[in-house]
Amino acid sequence: MLGLLGLIVLVILDLAFSAIQHYQVPLDGDISAIVVPAARYQHVLTDPLGLAAWRGEVYAAPNRFFSHYAMVAWCRAVPGALQNLDLKPIASVYGASALFKTGVQLALLVLLAGYAGGTLNIRRRTFWLAAVLLAPLFQTVGYQVQMGIIDRALTYNFFYALPLTMLLLLLWPFYAAARRGQPLRLSWGTTGLLLALALVVALSGAVATGVVSVLLPGLALWWAARHWRGAADGVTTRARQALAPLTSLPLRPVLVLVGLGALSLYSLWIGRQNSENASVAHVSLVARYGRLAQGLGYVLTGKLGLPLLILGAGCNLLLLRRWAGELSAAGGTTSAAFWTRAATALGVFTLAYLLLLPLGGYREYREYVVRYDTFLPITLGLCILFAGTAVELLRQLPTKRRQTYAAGLTTLVLLFVIADHRLTLRPAESNLAERAAMAQLAVASPTNKPVALPPGTRLMTWDDGADPAIAALNAELLYRWHVTARPVPYVPTAAANPRNLR
C-alpha cells in the first residue's frame, strides 16, 4: 500500500487536474445578473436578514443573502486581484472561477475525508487514505451531470456546494464527538462562532436548510425513541423517564443545534416570499411528485457513476458484516456497527429528504424536481459511507484479505478516474468560443457600433444569447472586469448547439 507521502501526492495531483478542467469551463447565464446586479437582485443585497419578506414583501431570493453577497464579493474582487499579478483580463475571469471551484472542492474534500476517516488531523494516514478514495468522485466531465459535486456553473457552487461545505463544518464537532462516543464540550467562544456560522448557512439558500429540516428532527426522534425504549412501563412513567435526560444535556451544544434549527425554519419561512417561485402555481404538487419519481430514475440510471458509488458502499457494508469475526480480532466490530447504523440513517434521511423536496417549489429548468444539484446532500452522504467503510476494511483486514480487497477497490476507483480523464475539454464543452467572443468585444471597444457575434456563440448565457437584457448586463460586467474599455453593446445570436449547464 502507498505510504503517507504517496497518498498526499495523489490528492494534490487530482486537485491540480480538476483546477485545469475548471479553468476551461464557460461561464453560466446567472453571473452578470447577480454580480452587476440586475434590478431583481438588488433588494436581497440590502436586506441581509430578509426582514422585508417577513413583513410580506415578495422579491427574489430573500433567504439567500450570504450566497449572493459571497458571489458578488468574489466576482468583483478576485479578477482584479489576478490582473494585479499580471494575468490578462480574460484569463483572470476564468482564473477566478477556477480558483473558487477548486477552493470549495478542497474544503469539501478535507471535510468528507474527516467524516470518512474519523479525523481532520492531516498527519494521520487514515485521513489521506479517505481523501485518495474521495478525490476521483469529484467529476468535472465524466459523471458530472449525474453526481456532480462541484457544479460546472460557477453560480451554482455559491448556492449548493458552498452552503453544504459550511454545514459540514458546523456539524463536525457533533459528529466527531459521536464517533468517539464522548460528550461534546464547547467553549462560549466556539458556541458563538458556530451560531454565527448557523446564521450564514441558514441564509445561503434552500439546500442546506432542507438538510437541517430533515436531520435535526430525525436526531430528536432517534434520541426520544432510544430513551423511551429504556423507560419503565406505563405511558406517563415512560414519558417522564424519557424526558428526564433532557436536563443533563450540555447547554452549549444544545444551544447551537436549537439555534441552527430555528434559523433554518426562519429561512424556509421567508423563502415562501421568493418571487422566483412564481412558476410553482403552474405545476401541481401531485404532478411534482410524479416528476420526482421520473427524475429519480434519471439520476440513478442516466450514467454509471451513482450506481457504482452505491454498489461500492453496499459491498463494503456486506464485507464488514461478513468478515466481522476477523475484524473483531483487530478491534473493528465497533466500527462495523457504526457504519451499519450510518447506512441506515442515510437511507432514512434520503427517503425523508426526497419526499419533502417537491414542497420546496418548482423550477422550469429543473423539470423533474430532483437532479444532481438537489441530490447533492445524498451524494455527499454516499461518498462518506463509501470511503469510510473502505478505510475500515483497509485498516483492519488481515494482510491476505486486505490485498484482495484493495485490488477490487482500486479497480472501482479507477473507473471514476477513467470517466473523468479528459484534461482538455472538448470544444463544445470548453470556453474557447466564449473567450474568442470576449476578445472580439475587447477589440471593438474603441468603436460605438454594436458587435455581431458569430452564429452559435455563447457568451455568459444558459441556452442561447437571445435576451438583450442579459446581453446588456454582460457588457457591463465585462467592462467592470476590464475586458473591454467600455460597455460594448453586442447582438447575441442563438446557439447552434445549445447546452443547459444548469
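The figures here come from the full heavy-atom set of this structure, side chains too, leaving out hydrogens, waters and symmetry mates. Residue numbers start at 1 and run along the sequence shown.
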Around atom [atom1] of [X], are there more than 12 heavy atoms from other residues, nucleotides or ligands closer than 6.0 Å?
{"X": "I122", "atom1": "CD1", "result": "no"}
{"X": "R124", "atom1": "CZ", "result": "no"}
{"X": "Y69", "atom1": "OH", "result": "no"}

Begin from the C-alpha positions of I149 and Q144 and carry the test side-chain contact (heavy atoms from CB on, under 4.5 Å) through to its verdict. CA-CA 8 Å; I149 297 175; Q144 198 277 336; over 6 Å; no
Donor-acceptor pair, distance only, cut-off 3.5 Å: does the side chain of [X] make one with the backbone of [Y]?
{"X": "Y115", "Y": "A176", "result": "no"}
{"X": "T209", "Y": "A206", "result": "yes"}
{"X": "W74", "Y": "A96", "result": "yes"}
{"X": "N63", "Y": "L203", "result": "no"}
{"X": "R458", "Y": "W462", "result": "yes"}
{"X": "Q139", "Y": "P136", "result": "yes"}
{"X": "Q21", "Y": "L425", "result": "no"}
{"X": "D420", "Y": "F416", "result": "no"}
{"X": "Q24", "Y": "I20", "result": "yes"}

Test Y298 against every option in Y372, Y368, F375 by the ring pair (Phe, Tyr, Trp, His ring centres under 6.0 Å) rule and name the one that passes.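 Of Y372, Y368, F375, ring pair (Phe, Tyr, Trp, His ring centres under 6.0 Å) with Y298 is met by Y368 alone.
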Under the criterion ring pair (Phe, Tyr, Trp, His ring centres under 6.0 Å), which of Y94, Y23, F158 is the partner of F100?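 Passing option: F158.
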Trace of the side chain to side chain donor-acceptor pair (under 3.5 Å) decision for E392 with S335: CA-CA 7 Å; E392 292 299 333; S335 296; 3.3 Å; yes
Going by side-chain contact (heavy atoms from CB on, under 4.5 Å), name the residues that satisfy it together with I31, two or more places apart in sequence or in a different chain.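 Expected list: L27, D28, V35, M71, L154, T155, L477, W481.
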Which residue is it: E367, R291, R288? I am looking for the one with a side-chain hydrogen bond (donor to acceptor under 3.5 Å, both in side chains) to Y362.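 One option only clears the test, and that one is R291.
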Under the criterion side-chain contact (heavy atoms from CB on, under 4.5 Å), I'd like the reasoning laid out for V9 against L13: C-alpha separation, chi angles, the key distance, then a yes or no. CA-CA 6 Å; V9 169; L13 288 175; 3.9 Å; yes
Answer with yes or no whether the side chains of R179 and Y175 bring together a donor and an acceptor at under 3.5 Å.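 Yes, a side-chain donor-acceptor pair sits under 3.5 Å.
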S18 and Q105: side chain donor to acceptor below 3.5 Å: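 Per modelled atom types, S18 and Q105 side chains form a pair under 3.5 Å.
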Could you walk me through whether S67 and S204 pass side-chain contact (heavy atoms from CB on, under 4.5 Å), step by step? CA-CA 5 Å; S67 291; S204 292; 3.4 Å; yes
Under the salt bridge (Lys or Arg N to Asp or Glu O under 4.0 Å) rule, what do K101 and D151 come out as? Steps first, then yes or no, please. CA-CA 8 Å; K101 292 179 183 180; D151 206 295; over 6 Å; no
Pair E429 + R422: basic N to acidic O under 4.0 Å: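 R422 and E429: salt-bridged.
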Ring-face cation of R272 near W269 (centre distance under 6.0 Å, axis angle within 45°):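 Yes, R272 and W269 form such a contact.
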Report the C-alpha distance between L216 and L257 in whole Å, list the side-chain angles of each, state the deciding distance to 0.1 Å, and finish with yes or no for side-chain contact (heavy atoms from CB on, under 4.5 Å). CA-CA 8 Å; L216 293 189; L257 293 180; 4.0 Å; yes
